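Below: one structure, written as structure tokens.
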Amino acid sequence: MATASATLSFQTLARAGLGAPILLVMMLSMMVLPLPPILLDILFSFNISLALIVLLVVVYSSRPLDFAVFPTVLLVTTLLRLALNVASTRVVLLEGHTGTDAAGQVIRAFGDFVVGGNYTVGLVVFFILVLINFVVVTKGAGRISEVSARFTLDAMPGKQMAVDADLNAGLINQEQARLRRTEITDEADFYGAMDGASKFVRGDAVAGILILFINLIGGLFIGVFQHDLSFADAAQVYALLTIGDGLVAQIPALVLSSSAAIMVTRVSTAQDMGSQIISQMFSSPQALAVTAGVIGMIGIIPGMPNVAFLTLAAATGGAAYMVYSRQRLAQDVAAPVVKKEATAPVELGWDDVAPLDMIGLEVGYRLIPLVDVNQGGQLMARIKGVRKKLSQELGFLIPPVHIRDNLELGANNYRITLAGVIAGEAEVYSERELAINPGKVFGTVTGIPGKDPAFGLEAVWIEAGQRDQAQTLGYTVVDSGTVVATHLSQLLQKYAHELLGREEVQQLLDNLAKTAPKLVEDLKTLPPGLALKVLQNLLEEGVPIRDIRSIAETLAAQSATSQDPAILTAAVRIRLARAIVQDIIGTAPELPVITLDPALEQILQQALQAADEGSPGFEPGLADRLHKSLRESAQRQEATGQPAVLLVAASLRPVLARFVGQIISGMHVLSFNEVPDNKQIKIVATVGQ
């Protein structure tokens, strides 16, 4: 009742914002002001109850972050226990000569229980308890906390890159990515705090040992020399009080140290600790059967406690049989096989000429579980997420992906096709995970060497159990389904212009007509396919067509003077300049650019004017030097974390965009007309001959 009422009172004060300050003032007061024995009894009882509550919360937490305030609780309870130690030590030394009730009933009861009439045995038992807490539990928990904090901090970059990979693959949205990044940060903060809190726990154990000697030796001196007690009487009284005082402090300390050890050794799952132990330790009938056999053999040895060993062997063997029977029953449940009846051949028709799938995904037979929902495959849902994300980003509906198995492929291979043409293929291992080297790792992991099919980065296919180790070393670890989904997303972005057809453009115009019917009416004067070609040009250059209204307004205004798709595309890009630049640098006020030397730009202008079909036809040596210079500049920008942007004259932009797009991935080519007025240009490099 006292604990419940104290808890309710503290909750009331906490809601008013006074709980923590009052608790800290109380703990400091206990170190200075003398406390009556009855108040010591209440506080010691509260301390033991609080330690048990913390232990049970830790046991029933599914993952460490469910009890993220645990390091703070550990610190506060440690300070509370030390304050009680100081208060009880004062009472023991001042009033111990009056008898064993001097420090309250709790200390006397614990002392009597352990001493049991033999003070030597009581002291030995108490020393053993202190050593267990100090040498085993506290030291081990402190070491695990230190290692967990270091590994968690080292793994942060890899985990954050994995979140970015899932976001880019469309598996999660921005809100989910934000929550996962917050969770990664909270996890690092938690283990860092646990590393610090474990030092307090270790210091508390040392303080408990010192307070034990102070109570015992100081009590003997005070009892014999100040209160004229005989050595035997003083030893009897102060030994009991010392043991009782130490126990009421060390038992909560041992409970909290065990809680800290359990917390830092937990693995994040959807189960509490008890469920994890049952599902992982007692799920193997082979292990239980072999254990039953070994215990049974020991039980038949003469001189052994045969009844105890044979009873335990029988119980373990029965448990093994029950687990085995339950697993066999689950395996015997199989889907019925449906046999197809033979049908008579029918005449061929146009229905037998199947149209080409706009987007196709073919998988080898070992990858079928990835796409089979009945077998737990998640790839279908991830592909749907990729289509949704790209449709929102690009501005038109991505066609469905037709998935089928292909026995001509290797067992672990898959192939992505666009309009029947192979766009990409790779090999993945459905039972493994891909550890991608982002460019800087702190070690190596064992596995099957490979490459990330989407971006060509070096990678290793590892076992699922190596995930934490790989992330700690700096690798970005993704499962096989994410690898396929990311590769598909990258190819769909690259070939988005080929996925846009007349039907998709008509759908865009129909949707626009609902809000701007007159604008759509004006576009009907354009030649068939002109709007389609302009939109395809934009997508090919990586410009989304989400702002279809601005695009349509520009086409309607410019089509009266020119119907050249290249000229109209350039006009639309100028209209979308703010969106284009925002996709490159976000809201930054300064645009870092790479420019061409005036002499080089003049040479390219002359080559463009002399070309027959608008292609500059660069001299091979010049093209090679330009290629190397642009690549080096792009790499320097990438190393500083800034985008690579080539700023050129408007007449050169289309041809240089095609030239750069073929050799340098990720470089943007803008004309001077496409830089918004609210952005300042910062020239970071100039490329000459």
Side-chain angles (χ1 to χ4, degrees), residues 63-65 139-169 171-172 177 180-199 260-261 263-269 276 280 412 426-487 490 635-636 638-641 665-666:
R63 58 198 186 107
L65 287 184
K139 186 176 182 180
R143 178 57 179 164
I144 294 174
S145 299
E146 179 183 349
V147 173
S148 299
R150 180 166 60 85
F151 280 6
T152 302
L153 290 173
D154 290 343
M156 276 189 69
K159 292 180 179 179
Q160 290 173 340
M161 293 184 68
V163 174
D164 294 337
D166 289 347
L167 179 62
N168 293 332
L171 307 182
I172 56 177
R180 285 177 57 176
R181 291 192 188 99
T182 302
E183 184 175 348
I184 292 171
T185 305
D186 291 344
E187 185 180 20
D189 293 341
F190 172 81
Y191 282 108
M194 280 299 301
D195 183 26
S198 63
K199 302 299 188 296
M263 179 63 79
V264 296
T265 55
R266 290 293 305 275
V267 177
S268 295
T269 65
Q276 286 183 17
Q280 297 179 25
N412 294 311
E427 182 178 20
V428 300
Y429 298 87
S430 58
E431 72 282 359
R432 290 175 175 260
E433 296 186 341
L434 186 64
I436 304 172
N437 183 353
K440 182 180 180 182
V441 294
F442 305 100
T444 58
V445 290
T446 58
I448 303 173
K451 285 192 174 183
D452 170 35
F455 305 103
L457 299 175
E458 296 295 330
V460 180
W461 288 99
I462 61 175
E463 300 289 346
Q466 298 175 267
R467 183 184 186 94
D468 291 340
Q469 176 194 357
Q471 289 180 335
T472 300
L473 295 175
Y475 287 88
T476 300
V477 183
V478 293
D479 59 78
S480 53
T482 302
V483 172
V484 178
T486 305
H487 192 192
Q490 186 260 342
Q635 289 175 347
R636 285 195 296 269
E638 182 180 352
T640 60
S665 175

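Here the structure is a predicted model, which is why all the values come from computation and not from measurement.
Considering all non-hydrogen atoms of both residues, Trp461 and Leu434 come closest at CE2-CD1, 3.5 Å. Nearest heavy-atom pair, Arg432 versus Ile448, reported as atom, atom and distance to 0.1 Å: NE-CD1, 3.7 Å. In terms of heavy-atom proximity, Ser480 sits nearest to Ser430 at OG-CA, 3.4 Å.
For the pair Pro438/Leu457, no side-chain contact is recorded, criterion being any heavy-atom separation below 4.5 Å from C-beta on.
How far OG1 of Thr486 is from CG of Asp452: 7.5 Å, rounded to the nearest 0.5 Å.
Partners of Glu458 by salt bridge (Lys or Arg N to Asp or Glu O under 4.0 Å), not counting sequence neighbours, listed by chain and number: Lys451.
Counting non-hydrogen atoms of neighbouring residues, nucleotides and ligands closer than 6.0 angstrom, the CD atom of Glu638 reaches no more than 12 such neighbours.
The main-chain N or O of Glu463 is found under 3.5 Å from a side-chain atom of Gln466 such that the two form a donor-acceptor pair. Checked by atom type and distance alone, the side chain of Tyr475 pairs as donor or acceptor with a backbone atom of Gly443 at under 3.5 Å. In terms of modelled atom types and a separation under 3.5 Å, the side chain of Gln471 and the main chain of Val477 share no donor-acceptor contact.
Each of Thr472, Asn437, Ile462 was scored for a side chain to side chain contact (heavy atoms under 4.5 Å, CB included) with Val445, with one residue passing: Ile462.
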